[in-house]
Amino acid sequence: MSELLLDIQHERLSFFTPAGEVKALNDVSFAMQQGDVLGIVGESGSGKSVTAYSLMGLTAYPGRLIGGTLHFNGHEVEKMSEKEFRKMRGNEVSIIFQDPMTSLNPVYTIGNQIAEVVQLHTDKNRKEAYARARELLELVGINEPDRRLKQYPHELSGGMRQRVMIAIALACEPKLLIADEPTTALDVTIQAQILELMMELRKKLGMSIIMITHDLGVVASMCEKIAVMYAGRIVEYGTTDEIFYEPRHEYTRGLINSIPKLNAEEKERLVPIEGTPVDMLNPPAGCPFAPRCPKCMKICLREMPPKTELSETHYTHCWLEQKQQFEAASGKEAAAE
Amino acid sequence: MSEQNILVEAQHLQQYFPAGGFGKRKKYVQAVDDVSFAIRRGETLGLVGESGCGKTTTGRSLLRLYEPTDGRILYDGEVIFDSGKLPDSKGRVAVDMLPYRRKMQIVFQDPYASLDPRMTVGDIVGEAIDIHKLAENETDRHDRIIHLLDLVGLNSEHANRYPHEFSGGQRQRVGIARALAVHPEFIVCDEPVSALDVSIQAQVVNMFEDLQANLGLTYLFIAHDLSVVKHISSRIGVMYLGKLVELADSYELIGHSVHPYTRSLISAIPVADPKTARASQRIVLQGDVPSPLDPPSGCRFRTRCPYATEQCAAECPEFREVSPGHWAACHNLDAVK
């Protein structure tokens with residue numbers, strides 16, 4: 001459990017578009033142990049997918065990594081060539097995309113698409129690869145695997161296709177599975193099936209999962225640690241309990257308050273986050289959340305807040321916390337004198 | 001159901017869409033089948049269900065954007081559609097809808113697709129004013145547009161801009177302003193917040209509530225997200241494969257649902273509270289929703305229902321009142337309890 005699997009430090013990544021530089025990731029740092037389940041939450045455009053994609057070398061032109069180090073399972077990802085990436089993708093780390101309708105190839109059978117991965121990364125022959133594909137379909141709970149192997153993606157329902165995607169992702173028993181909004185396109189009852197399957201497989205295979213989603217409900221039930229992203233930065237990071245019960249960043253608080261509670265006894269008004277998401281082409285100086293923050297101070301508009309450690313597992317980037325910690329420290333000093 | 005304050009009523013509404021085949025083999029998508037409900041003046045009726053269950057079709061048929069294949073629709077006591085096939089009706093009635101379009105409006109799901117990209121926001125909102133000849137002169141028209149934009153939290157400067165210049169949340173506000181342009185009494189809100197980010201979703205939901213309080217509107221609120229629907233609605237109807245399976249006050253429905261489908265739907269929703277999420281036991285439904293081209297005989301839910309008996313396959317359960325104001329369609333209510 002305690003083996004370090006992934007260590008990202010100060011990652012900076014930009015997309016150089018005709019309209020200007022979009023700083024998609026700005027000083028992103030986090031680490032994962034073997035077996036961890038990390039949730040990355042944030043609104044669209046907050047950089048949650050880019051973080052995961054950069055790990056797999058999927059942020060091609062006009063995206064460019066401009067700083068930081070990414071260590072994964074003994075690789076120095078920031079220095080890897082496309083050839084090395086090809087070896088690693090699907091083998092040590094794989095990904096499930098949001099839309100199962102478009103991420104399978106419509107002109108190949110399901111069996112063909114699963115066997116392809118197996119043949120690419122192992123020295124199994126075609127027959128053995130198909131046998132493995134059948135095994136995988138059983139693993140992800142698809143009935144009649146022999147028949148399904150010969151079917152094409154359009155013959156399957158959305159939930160079924162997502163199961164096939166999971167089978168492909170797990171073909172080589174990766175150490176890390178990245179799930180990029182795996183259930184957003186699915187209905188709630190199907191979503192429940194897929195989430196249950198993912199947790200079951202994690203127990204069985206012992207892999208780590210990065211769960212990227214905008215749905216706080218999904219992370220609450222699945223993840224142990226959560227990173228909250230806003231405008232290309234991790235604004236708060238902590239264990240699931242810390243994020244939900246002791247949120248310290250105003251954005252995290254806003255997110256939690258803005259979702260209607262199903263079990264609320266009385267009708268209470270939602271507390272939305274005012275304003276609109278940042279324009280990533282012209283991000284504000286200082287804290288990106290400052291223009292929408294109800295507790296914004298002068299310094300927030302000028303300078304980016306540094307990291308404030310709240311506990312061993314919990315940190316946030318907010319001037320308010322920085323100020324409180326400073327006051328607490330100086331208070332202690334005064335008492336000591 | 002024959003109370004004085006009923007604004008809109010659907011009786012045995014049926015909407016089949018032809019889907020290929022000839023003569024006896026002609027096939028129909030049974031999108032909505034025998035759905036009856038009434039909406040009281042000033043209330044919000046929520047309609048939930050998975051994709052393809054017919055909730056959007058119900059909303060559109062109610063406005064006669066589709067011509068229903070059977071049933072009757074009443075607005076404020078007056079028949080606006082009657083197929084003539086019901087036992088107590090005298091003949092086919094289909095009245096001129098133009099005067100009713102002023103009273104019944106719709107807000108569409110996708111704010112990116114429902115606004116004409118080549119019209120300015122002012123013209124989009126103004127079009128409805130022109131069609132119904134509500135403005136006395138050009139100044140009056142302009143004032144009305146500005147007033148409407150102001151009502152939904154936009155300002156006069158926005159009137160000359162085009163839809164692509166707005167964010168998702170702002171576009172949805174334009175869609176709402178357009179619906180309000182003719183001073184309607186009744187608005188069908190077809191998944192108005194599904195395409196929006198969580199923080200923006202809360203802003204729009206609050207606006208819907210404010211508008212209802214200030215203008216005395218009646219809503220049919222369609223969404224697949226039960227937590228949002230529960231928050232905004234006074235009563236909720238649950239649909240499955242073209243049928244209304246349960247209808248009750250929102251607190252009653254969430255707390256004391258009787259239909260097995262509603263129960264699994266509620267338990268499948270990921271709760272954004274880690275402690276509750278860990279403690280709760282999910283009822284995970286097996287399988288997928290059957291095709292509406294060829295729905296199961298009898299009760300349409302029986303193929304996935306854990307309580308299904310032979311009776312369920314033989315006859316369709318009647319939609320009946322199980323306790324005052326609480327309607328459900330199920331043969332085995334006692335077993336479910």
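Since we're looking at a predicted model, the values are computed, not measured.
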Checking heavy atoms, do the side chain of [X], its backbone, both or neither come under 4.5 Å from chain B?
X	answer
A:D215	side chain
A:Q193	both
A:I256	neither

Who wins among [options] for the most heavy-atom pairs under 4.5 Å with chain B?
options	value
A:G275, A:P260, A:A192	A:P260
A:G158, A:G159, A:S221, A:S44	A:S44
A:L216, A:V188, A:I273, A:T189	A:T189

Taking the basic N atoms (NZ, or NE/NH1/NH2) and the acidic carboxylate oxygens, is any pair closer than 4.0 Å for A:E312 and A:K225?
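Salt bridge absent between A:E312 and A:K225.
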Hey, is A:E224 close enough to A:R202 for a salt bridge, meaning N to O under 4.0 Å?
yes
Can you pull out the residues in residues 240-248 of chain A with any heavy atom less than 4.5 Å from chain B?
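Checking residues 240-248 of chain A against chain B gives A:T240, A:D241, A:F244, A:Y245.
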Does one side chain, of B:Q212 or B:T44, offer a donor that lies under 3.5 Å from an acceptor on the other?
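The criterion, which ignores hydrogens and geometry beyond distance, is satisfied for B:T44 and B:Q212.
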Ignoring hydrogens and geometry beyond distance, is a side-chain donor-acceptor pair present between A:R148 and A:Q151 at under 3.5 Å?
yes
Where does the angle between the aromatic ring planes of B:Y261 and B:F301 fall among parallel (under 30°), tilted (30 to 60°) and perpendicular (over 60°)?
perpendicular
Please state whether the rings of A:H249 and A:Y251 are parallel, tilted or perpendicular, taking 30° and 60° as the class boundaries.
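If you compare the ring of A:H249 with that of A:Y251, the planes turn out perpendicular.
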Before giving the answer on side-chain contact (heavy atoms from CB on, under 4.5 Å), spell out for B:H326 and B:D249 the whole-Å C-alpha distance, their side-chain angles and the decisive distance to 0.1 Å.
CA-CA 7 Å; B:H326 192 152; B:D249 275 2; over 6 Å; no
Sole candidate of A:E43, A:E274, A:E250 that passes salt bridge (charged side-chain N to carboxylate O under 4.0 Å, His left out) when paired with A:R292
A:E43
Heavy-atom distances under 4.5 Å only: say whether B:L285 touches chain A with side chain, backbone, both or neither.
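Answer is both: backbone and side chain atoms of B:L285 are under 4.5 Å from chain A.
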Tell me, side chain or backbone of B:S51 under 4.5 Å from chain A's heavy atoms, or both, or neither?
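Contact with chain A involves both backbone and side-chain atoms of B:S51.
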Could you tell me which of [options] has the largest number of non-hydrogen atom pairs under 4.5 Å with chain A?
options	value
B:I254, B:T276, B:D273, B:V204	B:D273
B:E209, B:H224, B:Q170	B:E209
B:V198, B:V289, B:I266, B:L226	B:V198

Could you walk me through whether B:I269 and B:L265 pass the side-chain contact (heavy atoms from CB on, under 4.5 Å) test, one step at a time?
CA-CA 7 Å; B:I269 297 169; B:L265 196 63; 5.6 Å; no
Do A:E200 and A:K203 pass the salt bridge (charged side-chain N to carboxylate O under 4.0 Å, His left out) test, and can you show the C-alpha distance, the side-chain angles, and the key distance before you say yes or no?
CA-CA 5 Å; A:E200 222 172 79; A:K203 243 185 241 160; over 6 Å; no
Check: B:H158 ring centre within less than 6.0 Å of B:F166 ring centre
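Yes, the ring centres sit under 6.0 Å apart.
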